[in-house]
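Atoms within a ligand are numbered from 1 in the order they appear, just like the ligands themselves. Side chains are part of it too, since the values below use all heavy atoms of this structure and drop only hydrogens, waters and symmetry mates.
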Amino acid sequence: MKKIIAVLGFSLAALTGCGEEENVLVVGTNASFPPFEYIGGESGNEIMGFDIDIVKKVAEDNGKTLKVEDMSFDSLIVALNAGRIDMIAAGMTITPERQANVDFSDPYYEATQVVVTRKGNTTIQSIDDLKGKKISVQLGTTGDIMAKEFSDQVVAFNTGFEAMMELQNSRVDLMLFDKAPAANLLKKNQELELQELPFNAEYYGLAMAKGNAELLKQVNTTLASMKANGDFDALLSKHIK
Ligand code: GLN
């Protein structure tokens, strides 16, 4: 009898566990991309940022508990398609190549690549000057893809910070990175500077597994209402502007 009760208790626990899972929104990110996602807070190990505040609202609007999982940027789409996460919130640019594998929300932020160099380096005046240069990037990003179009000397790191250190240590000529995170990294670095070149605009979207129409609709509804009621602008001023 004891055994039966124990087994029953166990399966009940398993069942409740399952039920709870359905009420959790598991979001994958790469928390090395301030101000969109980074590790900080009072405890020093909280994942926070602009994207995190957006997905908090998505979870709240849909009565779900938010769980954020930190991983390398280039493993996010794999994790999504393996069902380990429900959504990606990682300053991820909407590209046709990615759209072949995931569904994106409506675009929520316009970004662009920038060039970071050591101060006083005047060798990069135009996009053409990227040709053949040694470039550091974050692995699997649009900066990485673009750098390879110009040069076969591209070194990719798991975080923008590591790519920046490579530049600071003079092992590359420049770094290609998204503008707001580059500006954020440079706040604490007096030796490097940021240069804007006429690169194309990029648009960030939240990514979901293909065919998850319900979640996609919920996300777009939350984004639209945040834009309409001023919450979105408040987050922009809190984190970016
Ligand atoms: N926006 C860039 C991309 O999608 C970089 C994103 C990131 O490093 N988190 O590739």
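- The six-membered or imidazole ring of F232 lies near that of F50, with a centre-to-centre distance under 6.0 Å.
- Remark: side-chain polar atoms of N30 are paired, donor with acceptor, to backbone N or O of M71 under 3.5 angstrom.
- The backbone N or O of G120 lies less than 3.5 Å from a partner atom in the side chain of E193, making a donor-acceptor pair.
- With sequence neighbours left out, the ring-ring contact (aromatic ring centres under 6.0 Å, His included) criterion links Y109 to F36, Y204.
- The closest donor-acceptor contact from the side chain of S151 to the backbone of K133 lies under 3.5 Å.
- The shortest side-chain heavy-atom distance between L167 and R118 falls under the 4.5 Å cut-off.
- At a heavy-atom cutoff of 4.0 Å, ligand 1 is surrounded by F33, F73, A90, G91, M92, T93, R98, Q138, T141, T142, D178, Y204.
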